[in-house]
Amino acid sequence: MANIRKYLGYVVKAEQYICCVLLVIMLVVCFGAVVMRYAFSKPLVWSEEVILTMLIWFGFLCISIGAFGDSHIAIEGAYNLLPAQAKKGCDILRHVLLLGIGCMMVYFGWQVFKINMMKRLPATRWPQGVQYFPMVFGGVLTSVYSLLNLVECFAGKKDSGEEETRS
């Protein structure tokens with residue numbers, strides 16, 4: 001399991017770098033669009049589509065990154081009051097639910113992606129599916145990371161979220 005987590009850690013690191021690049025590009029495009037609109041009265045008609053597409057990719061990549069680190073929001077106050085067996089049950093339930101959500105993202109996202117690949121975005125002329133594929137991609141990664149966390153939970157290893165809060 002440690003080897004799998006190590007190799008998937010490299011994937012997560014790549015996701016984090018991609019997210020940083022997406023944020024910088026979104027910032028530059030947004031700044032450029034504002035300057036062009038207000039300083040030169042020449043708006044960049046494609047800027048909103050590009051920013052929205054990148055924001056969608058950013059969001060779904062961040063969901064999978066959170067699933068890997070088991071760092072999605074939780075009700076810590078109530079969770080910490082539970083006995084150890086109840087905590088383990090809650091952990092298993094959380095991982096199963098996130099795995100189910102990831103699988104649904106893949107299944108339904110793929111259906112929507114296929115339908116929208118035939119349509120074009122008006123300004124950039126990109127296939128509209130480019131805005132729906134992140135759901136599929138993020139769903140696959142979220143499912144894989146959730147499955148890894150679930151297997152580790154059954155194996156009795158501590159959750160990464162617990163280790164971080166105790167440090």
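Bear in mind the structure is a predicted one, so any value in this text is a computation, not a measurement.
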Can you find a pair of side-chain heavy atoms, one from [X] and one from [Y], that are under 4.5 Å apart?
{"X": "His95", "Y": "Glu152", "result": "no"}
{"X": "Pro43", "Y": "Met36", "result": "no"}
{"X": "Leu27", "Y": "Leu23", "result": "no"}
{"X": "Arg37", "Y": "Leu44", "result": "no"}
{"X": "Trp57", "Y": "Ile18", "result": "no"}
{"X": "Cys19", "Y": "Cys62", "result": "yes"}
{"X": "Ile92", "Y": "Lys88", "result": "yes"}
{"X": "Pro127", "Y": "Met118", "result": "no"}

How long is the gap from [atom1] on [X] to [atom2] on [Y], to the nearest 0.5 Å?
{"X": "Ser146", "Y": "Leu99", "atom1": "OG", "atom2": "CG", "result": "6.0 Å"}
{"X": "Cys90", "Y": "Leu97", "atom1": "SG", "atom2": "CG", "result": "10.5 Å"}
{"X": "Ile25", "Y": "Cys20", "atom1": "CD1", "atom2": "SG", "result": "11.5 Å"}
{"X": "Cys30", "Y": "Leu55", "atom1": "SG", "atom2": "CG", "result": "11.0 Å"}
{"X": "Gln131", "Y": "Ile56", "atom1": "CD", "atom2": "CD1", "result": "4.5 Å"}

Exercise. Could you walk me through whether Ile101 and Thr142 pass the side chain to side chain contact (heavy atoms under 4.5 Å, CB included) check?
Worked result: CA-CA 8 Å; Ile101 290 169; Thr142 299; 6.0 Å; no
Problem set entry | Check against side chain to side chain contact (heavy atoms under 4.5 Å, CB included), Thr53 and Leu121 | CA-CA 10 Å; Thr53 302; Leu121 295 170; 4.2 Å; yes
For this session: Would you check, one step at a time, whether the test side chain to side chain contact (heavy atoms under 4.5 Å, CB included) holds for Val136 with Met105?
Result: CA-CA 6 Å; Val136 177; Met105 286 168 50; over 6 Å; no
Exercise. Minimum heavy-atom separation for Pro134 to Val130, with atom names?
Worked result: CD-O, 3.4 Å
For this session: Would you name the heavy atoms of Ala33 and Ser47 that are closest together and state the gap between them?
Result: CB-OG, 3.4 Å
Exercise. So does Gln128 have more than 12 non-hydrogen atoms from other groups sitting under 6.0 Å from CD?
Worked result: yes
Are [X] and [Y] linked, directly or through other ILVMFWY residues, by side chains that come within less than 4.5 angstrom of each other?
{"X": "Phe137", "Y": "Leu52", "value": "no"}
{"X": "Val144", "Y": "Val12", "value": "yes"}
{"X": "Val34", "Y": "Val29", "value": "no"}
{"X": "Leu22", "Y": "Val50", "value": "yes"}
{"X": "Ile65", "Y": "Leu98", "value": "no"}

For this session: With sequence neighbours excluded, tell me which residues meet side chain to side chain donor-acceptor pair (under 3.5 Å) with Glu15.
Result: Ser64, Tyr145
Problem set entry | Thr124 side chain vs Trp46 backbone, donor-acceptor pair below 3.5 Å | no
For this session: May I ask you to decide if Asn149's main-chain N or O and Asp70's side chain share a donor-acceptor pair within less than 3.5 Å?
Result: no
For this session: Evaluate side chain to side chain contact (heavy atoms under 4.5 Å, CB included) for Val112 paired with Met135, printing each intermediate quantity in order.
Result: CA-CA 10 Å; Val112 174; Met135 185 186 303; over 6 Å; no
Seminar exercise, completed: Result for side chain to side chain contact (heavy atoms under 4.5 Å, CB included) between Asn116 and one of Arg120, Lys114, Lys119 points to Lys119
Exercise. Which residue pairs pass the ring-ring contact (aromatic ring centres under 6.0 Å, His included) test with at least one member in residues 104-133, sequence neighbours excluded?
Worked result: Trp110-Phe113, Phe113-Phe133
